[in-house]
Protein chains: 2
Amino acid sequence: MKIGELATRTGVSARAIRHYEKAGLLSAGRLLNGYRDFGDEAVAEVKHVVRMIRLGFSLEEIATFPACMFTGGAAVLCPVALQAHRDKLAEIELLIAELEERRDRLLATLKAAAQQSAEAARAASRTQEATGP
Amino acid sequence: MKIGELATRTGVSARAIRHYEKAGLLSAGRLLNGYRDFGDEAVAEVKHVVRMIRLGFSLEEIATFPACMFTGGAAVLCPVALQAHRDKLAEIELLIAELEERRDRLLATLKAAAQQSAEAARAASRTQEATGP
DNA sequence: CTAAACCTTGACGTCAGTGTCAAGGTCAAG
DNA sequence: CTTGACCTTGACACTGACGTCAAGGTTTAG
């Protein structure tokens, strides 16, 4: 099939598919007129690439995975891919931890601000008492 | 003080300080020779900018904060800044949720792979039984 | 024949925060 | 006067996954 059909069948833009091919994630034959010619398996491959991207892998990382990732139909993970997944998991957990730290700092800032504004309100009410009834 | 001193006193590169100034986060006078001339308060301002960046704000976001962020010495938050902090908090929590989803998908993938390899091992052992003793 | 739809490669734009080089002005010490 | 340290502006480099435009060849339906 040509790139347009692959694009519609996978929901990925033709531009992205060319990008994947240039990155070595996809292989395509060529028709006599130079058009890319993909086999049916390309649909699964593209979907697999999309899954990997959603898992947080970069194209470069995906490119380092050996052929075993595709020969197995995307369900079986060879040791290399397995380790890559574990590494990525650790990386994501680190990211989560960093974001949680950031969140906590923000919460602390907001809490301190709330306390300050409460004190300001008390001070204001005291002032009002003094000048009021 | 000139930019070099401000850089060493804040631990921020002179390049970054010029960038902050161009972004409108810092204001500096000029000496007769064209050199930037910062006041002592610039040290606190730069450190404040760094804190904001670490909280996840972009320079553009920081630039939208009104002067109240600096006049109070960085402890008092005006309503606008307060809302910005709340927005950023929500944004970060969304990011965390996305990462957790990604992590869970990764865990699921790894779990499935472990199960598959266990089954493969069982199948292998059965094969060995059949051909073995 | 022609317009529409599809394909090709190449290359710049995006977002953010700098690093880094270029080419030059300024200033203090020797 | 010279060297070296410090300052100036301007502009390109980098990361990543594409979007998008350019300029053109191919195919198909009418």
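Below, chains carry the letters A, B, ... as their sequence lines are ordered, and counting in each starts from 1. Just so it is clear, the model here is predicted, and its values are computed rather than measured.
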Roughly how many Å is it from CD1 in B:Ile53 to P in C:dC15, rounded to a whole number?
18 Å

Between atom NZ in B:Lys2 and atom C1' in C:dT26, what is the gap in whole Å?
9 Å

Provide, to the nearest angstrom, the distance between the CE atom belonging to A:Met1 and the P atom belonging to D:dT27.
19 Å

5' precedence on DNA chain C between B:Phe57 and B:Tyr35 (nearest-nucleotide basis)
B:Phe57

In residues 9-20 of chain A, which ones come under 4.0 Å of DNA chain D, going by heavy atoms?
A:Ser13, A:Arg15, A:Ala16, A:His19, A:Tyr20

Salt-bridge contact B:Lys88-B:Glu91 (side-chain N to carboxylate O under 4.0 Å)
yes

Using a heavy-atom cut-off of 4.0 Å across all strands, would you classify B:Ile3 as base, sugar-phosphate, or nothing?
sugar-phosphate

Is a donor on one side and an acceptor on the other found under 3.5 Å between the side chain of A:Arg105 and the backbone of B:Arg54?
yes

Given C:dG17, D:dG16, C:dT9, identify the nucleotide with an atom nearest to the side chain of B:Ser58.
C:dG17

Can you check the A:Lys22 NZ to D:dG16 C1' distance for me, whole Å?
14 Å

Closest heavy-atom pair and its distance - B:Thr10, B:Ile17:
OG1-CD1, 4.2 Å

Rounded distance in Å - CZ (A:Arg36) to C1' (C:dT8):
7 Å

To the nearest Å, how far apart are A:Glu60 CD and D:dT15 P?
9 Å

Is any side-chain heavy atom of A:Tyr35 closer than 4.5 Å to one of A:Ile3?
no

Whether A:Asp37 side chain and A:Ala28 backbone form a donor-acceptor pair below 3.5 Å:
no

Below the 4.0 Å mark, does C:dC7 have OP1 or OP2 next to a side-chain nitrogen or oxygen of A:Asn33?
no

Would you check if B:Val12 and B:His19 make a side-chain contact, meaning some heavy-atom pair closer than 4.5 Å?
no

In whole Å, I'd like the distance from the CG atom of A:Leu26 to the P atom of D:dA17.
15 Å

Separation of atom CG in A:Leu31 from atom P in D:dT28, rounded to whole Å
11 Å

Among residues at least two apart in sequence or on other chains, which ones pass ring-ring contact (aromatic ring centres under 6.0 Å, His included) with B:Phe57?
B:Phe65, B:His85

